[in-house]
Q: 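One structure coming up, written as structure tokens, with questions to follow.
Order of the sequence lines fixes the chain letters, A, B, ..., with proteins taken first and strands second; residue numbering starts at 1 for each chain.
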Amino acid sequence: MANPLEQFEITPLVPIRIGDLDLSFTNSALFMVIVVAVVTGLLTYSTQGRALVPTRWQSLAEVFYELIANMIRENVGSDGRRYFPFIFTLFMFVLFGNAIGLIPGSFTITSHIIVTFALALFIFIATTVIGFARHGTHYLRMFFPHGAPLWTSVILIPVELVSYLSRPVSLSVRLFANMTVGHVLLKVIAGFVTALGVFGVVPLAGLVVVTALELMIAVIQAYVFAILSCVYLNDALHMH
Amino acid sequence: MLRSIRSAASAAGQDVPAAVTHDDREPRLSQDFEERLKAARRGLEKPERRADGMGAGMRIAVELAAAVLVGAGIGIVLDRWLGTSPWLLIVFFIIGTAAGFLNVYRTGLELERRAKAARAEAERERGAGSNRTGRNG
């Protein structure tokens, strides 16, 4: 049976070495380029007409636009609108990274913790910088709620600090775990199809269901990733 | 509008009450339309809610685990740095667990707020929908 973890292997396509750094162009990098190209191509093509009555392609782009615009309006408010390009890019990158990874034989960029963690860490640093830029040192109030007795600060501040630091971890682990588990599951079930011979139709039918489920999870996780970025952004802008 | 709902519902694999079963000579009542609309909506809402529950469970589990991991990680790093092993690990493990439950509590609050907002939205939409059909019918 094929190794179900083989699909996550990183293989350098164009070896690049600068000093001690291995900066090779890998299959992961290739699929990131593909994702960016697909998203850019799709949105460029579908917004070409810009008709009042949208074509099918244009309404597709409008669905994405409205989804994120509503998400920002509901979770951040009107002053979050300037961050729309960032959240939208993030959502499209994660969504298409998840979805393109479901094509058999392709590589899932979001199934690597370092990719999702880099995204999450960037969001974390960006929201922290925004918070301090907007509130100054007052942003430290995030770690100690108003009106709490002073002696509780000994417990509350470390707890709040760890809770705050756990944000990029939970954000990245959630996406990575969902994607990895889904793809391992698909591979394992697919292994049974050939191993069981004629009775392989049973896992094959299961595979159809699991693929549909994975497609749903791919969309939901991209959505959750974007919505949590909005929640963190809201905390930075308005504090809770 | 109904057609788009129906096609979306049938795409989601739900049974859609077909208009074919009705006698076409009989004038269709708006109440009948409303019933079919409601049935189609029910079909639409169900899978989404199920996915929401799964997502919520996943979120809460990861939220708890992440804080414990971060706490333990800080403890290990500080221990190694200050040579106080294993005391800071123990302290930060407990702090991390507390932070994890704080995260879970906050996630719960947020999910509840979101669910409430969604319910209110659905309620409003239902009201607006019946008004619209009432005018048309």
Side-chain angles (χ1 to χ4, degrees), chain A residues 56 59 63 70-71 73-75 113 116-117 120-121 124 142-143 145 152 154-179 181-182 208-209 212-225 227-228 230-232 234-235 240, chain B residues 4 7-8 11-13 46-78 88-107 109-111 113-118 120-121:
Chain A
R56 270 171 219 218
S59 21
V63 164
N70 285 338
M71 183 194 286
R73 199 178 45 235
E74 275 163 29
N75 291 290
I113 183 92
T116 58
F117 190 70
L121 195 63
F124 176 74
M142 282 279 286
F143 304 116
T152 54
V154 187
I155 308 162
L156 274 180
I157 289 177
V159 168
E160 287 279 2
L161 196 65
V162 171
S163 165
Y164 191 74
L165 290 174
S166 74
R167 283 173 168 190
V169 177
S170 66
L171 191 59
S172 56
V173 165
R174 186 179 307 108
L175 179 58
F176 145 79
N178 268 293
M179 288 301 116
V181 166
V208 174
V209 177
L213 183 75
E214 284 309 316
L215 195 61
M216 190 176 81
I217 288 177
V219 177
I220 288 175
Q221 287 305 318
Y223 184 75
V224 167
F225 198 87
I227 219 169
L228 283 177
C230 287
V231 169
Y232 297 159
N234 182 41
D235 277 353
H240 53 73
Chain B
S4 74
S7 63
K46 237 185 267 161
E48 204 174 309
R49 209 174 302 143
R50 217 178 300 145
D52 260 18
M54 201 166 65
M58 202 46 211
R59 252 186 87 176
I60 286 170
V62 171
E63 214 71 64
L64 178 60
V68 175
L69 278 180
V70 168
I74 291 174
I76 289 172
V77 168
L78 285 182
L88 286 179
L89 172 61
I90 295 172
V91 169
F92 272 94
F93 188 86
I94 293 168
I95 288 173
T97 310
F101 280 104
L102 185 68
N103 282 352
V104 169
Y105 172 68
R106 287 208 178 121
T107 309
L109 281 187
E110 194 210 309
L111 289 174
R113 186 181 60 79
R114 207 177 290 282
K116 217 174 265 173
E121 178 86 13

Q: Of the non-hydrogen atoms in B:A67 and A:V162, which two are nearest, and what is the gap between them?
A: O-CG1, 3.7 Å
Q: Given a strict heavy-atom distance threshold of 4.5 Å, which part of B:I74 is in contact with chain A: side chain, backbone, both, or neither?
A: side chain
Q: Checking heavy atoms, do the side chain of A:I217, its backbone, both or neither come under 4.5 Å from chain B?
A: side chain
Q: Tell me if the OH atom of A:Y164 is crowded by more than 12 foreign heavy atoms within 6.0 Å.
A: yes
Q: If we count only N and O atoms by modelled type, under 3.5 Å, do the side chains of B:N103 and A:S170 hold a donor and an acceptor together?
A: no
Q: Does any backbone or side-chain atom of A:L228 lie under 4.5 Å from a heavy atom of chain B? Answer side chain, backbone, both or neither.
A: side chain
Q: What part of A:I227 gets within 4.5 angstrom of chain B, counting heavy atoms only: side chain, backbone, both, or neither?
A: side chain
Q: Could you have a look at A:N178, A:V173, A:L171 and say which one has the most heavy-atom pairs with chain B under 4.5 angstrom?
A: A:N178
Q: Please check if atom CZ in B:F101 has more than 12 non-hydrogen atoms from other residues, nucleotides or ligands closer than 6.0 Å.
A: no
Q: Less than 4.0 angstrom from a charged side-chain N to a carboxylate O is my criterion; do B:R113 and A:E74 meet it?
A: no
Q: Which distance, rounded to the nearest 0.5 Å, do you find between the CD1 of B:I95 and the CD of A:E160?
A: 12.0 Å
Q: Checking heavy atoms, do the side chain of B:R114, its backbone, both or neither come under 4.5 Å from chain A?
A: side chain
